[in-house]
2 protein chains.
Amino acid sequence: MSKASQSAYEAIRGRILSGEFPAGTHLKEERLAEVCGVSRTPIRDALRTLAAEDYVRVVPNHGTFVSEFSDDDIEDIFVLRSMLEGYAARMAAQRATPEQIFELREQCKKIDTSMKVGDEPDRDAFLAANRRFHEIITEAAGSERLAQMIARLIEQPIIARTAQSYKEPQIERSNRQHMELIDAIESEDGSWAEAIMSGHILAGYQTFKQNLDPAGDRSEEDGGPARLETDPSKARRQPLRVVSGSKPAPRRK
Amino acid sequence: MSKASQSAYEAIRGRILSGEFPAGTHLKEERLAEVCGVSRTPIRDALRTLAAEDYVRVVPNHGTFVSEFSDDDIEDIFVLRSMLEGYAARMAAQRATPEQIFELREQCKKIDTSMKVGDEPDRDAFLAANRRFHEIITEAAGSERLAQMIARLIEQPIIARTAQSYKEPQIERSNRQHMELIDAIESEDGSWAEAIMSGHILAGYQTFKQNLDPAGDRSEEDGGPARLETDPSKARRQPLRVVSGSKPAPRRK
DNA sequence: TGCGGTAGCATTGTATACAAAGTTGACCGG
DNA sequence: CCGGTCAACTTTGTATACAATGCTACCGCA
């Protein structure tokens, strides 16, 4: 993508991730064009790209809407991640280079440090190191396609915010799993590595559910940041509810 | 997508699948606009969609090119399919309804019939039934996301043509695996189902390699259909070689 | 002859104007 | 007062014109 399209893409994506455009928001092309300072053409380009990455959903002749995620969607995402990243870990156990293993250890140390500096863990440092840790595993697996599949799952806004909710004991447990994973990879034991990684992701899912769900409705608890969504005075239409993702799984018999 | 974009998408995609636009072809927007009878705007729309599905690759300021697949890419695709469809089969064993199992049997019968009518197997019938069989498994797994991942893999042009090369004994073996898969699903044995499906896909990979690779250079063996690629008289530039997909996997130590 | 700059061309990228589609809300008839 | 039809408006979809980019080939000069 070139200049205008690229900047529009980043601007819109950033606003979705930051929550400025919450799920369900009707993204109107002309308004986005004003905000981004370009014409509608590159805006449309950016929206198609975002649609391909599941950030938004395009309804023909109606517009594009920020994707919404049901509880089932979220479970689906975590379960698939557990499978894909588990498989990546298995491959990494066969293929990781000593340099990659070294760098994995580095990230673990950074996460350790992030917990010990202040009385509150340094979330940004944890997030960055955690992200890099998983990235190295994925790289070590050696499949660009697999990496893309995983990226598409973890880039979802709802997932991106998951790790925000980690408390200190959960970070600690998570990092112990990281270290065991390194052991498994170093001993070239693919099955072990896969099992640890799958469990690691699914543990993250439980943390996510416990920390966010019981808190009840988690929208606008503090009024939230000023939103750029459709000006209420002009919003004569309710945005369509765009349901994304899985149908309920049929239960046998 | 609406009228013009949609028709452009189908037209271009069809030409890629049919081989009229072979891998590496530089797809020029203006020319496509003529061919499809629409302006460049919906053409660009269609190309972005095709890029998202890995049919083509967009190089900024240079254009879009039909994706090329290396041997490593193809292996990668089959291995990932084996994992994903294997997982789908595992889920299907837990979730498939009696109706779905019934329909699976139907497809097996159709494949059997397709072999027994003439002296040559009826390839179209086999392909349709085979496709539907795998589709049912994927549906039964109950994850829209998983289904999309699998679809993106099997829709690749190179894969779409794989089953074309099946000979009768290979179809027979393939269908025996289908029937065993039904047994596994019916007995709700996820591990069994996963194992059969993984083996089934990997067997397909071997068939693909044996039937197509030793035949040597498989381009234009019979002169091929008339191609609509860039008019040679105007082709002053070689299309860039766009390498897609995986880097070579690093071998340990 | 070899090198560097430059002009021209092919192609993509962006903006704007116009057409089509769909929705709202009011008007009219029952 | 209710229901249906129609017109205006909002928003997306498409076409066309123009700008920017990158390549090629030519020309001048050493």
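So you know, we letter chains A, B, ... as the sequences are listed, proteins then strands, and number each from 1.
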Q | Salt-bridge contact B:D73-A:R145 (side-chain N to carboxylate O under 4.0 Å) | A | yes
Q) Are B:E30 and B:R40 close enough for a salt bridge, meaning some N to O gap below 4.0 Å? A) no
Strictly below 4.0 Å: does [X] bring a side-chain N or O up to OP1 or OP2 of [N]?
| X | N | answer |
| --- | --- | --- |
| A:S5 | C:dG13 | no |
| B:H62 | D:dC23 | yes |
| A:R44 | D:dT11 | no |
| B:S39 | D:dA15 | yes |

In this structure, how many angstroms lie between the [atom2] atom of [N] and the [atom1] atom of [X], rounded?
| X | N | atom1 | atom2 | value |
| --- | --- | --- | --- | --- |
| B:E30 | D:dT14 | CD | P | 18 Å |
| A:Q6 | C:dT14 | CD | C1' | 15 Å |
| B:I43 | D:dA15 | CD1 | P | 9 Å |

Write down the protein N/O and nucleotide N/O pairs, taken from nucleotides 18-21 of chain C, whose separation is under 3.5 Å; answer none if there are no such pairs.
none

Q) Looking across every strand, which nucleic acid part, if any, lies under 4.0 Å from B:L47 by heavy atom: base, sugar-phosphate, or nothing? A) nothing
Q) Quick one: do the B:Y9 and B:E53 side chains pair a donor with an acceptor below 3.5 Å? A) yes
[X] side chain, from C-beta outward: closest of [options]:
| X | options | result |
| --- | --- | --- |
| B:H26 | D:dT14, C:dT12, D:dT12 | C:dT12 |
| B:P42 | C:dA15, D:dA15, D:dG13 | D:dA15 |
| A:T41 | D:dT14, C:dT16, D:dG13 | C:dT16 |

Q.
So B:V66 and B:P22, do their side chains get closer than 4.5 Å, heavy atoms only?
A. no
Q) With A:R132, which residues qualify under salt bridge (Lys or Arg N to Asp or Glu O under 4.0 Å), at least two apart? A) A:E103, A:E135, A:E139
Q.
According to salt bridge (Lys or Arg N to Asp or Glu O under 4.0 Å), who are the partners of B:E75, at least two apart in sequence or on a separate chain?
A. none
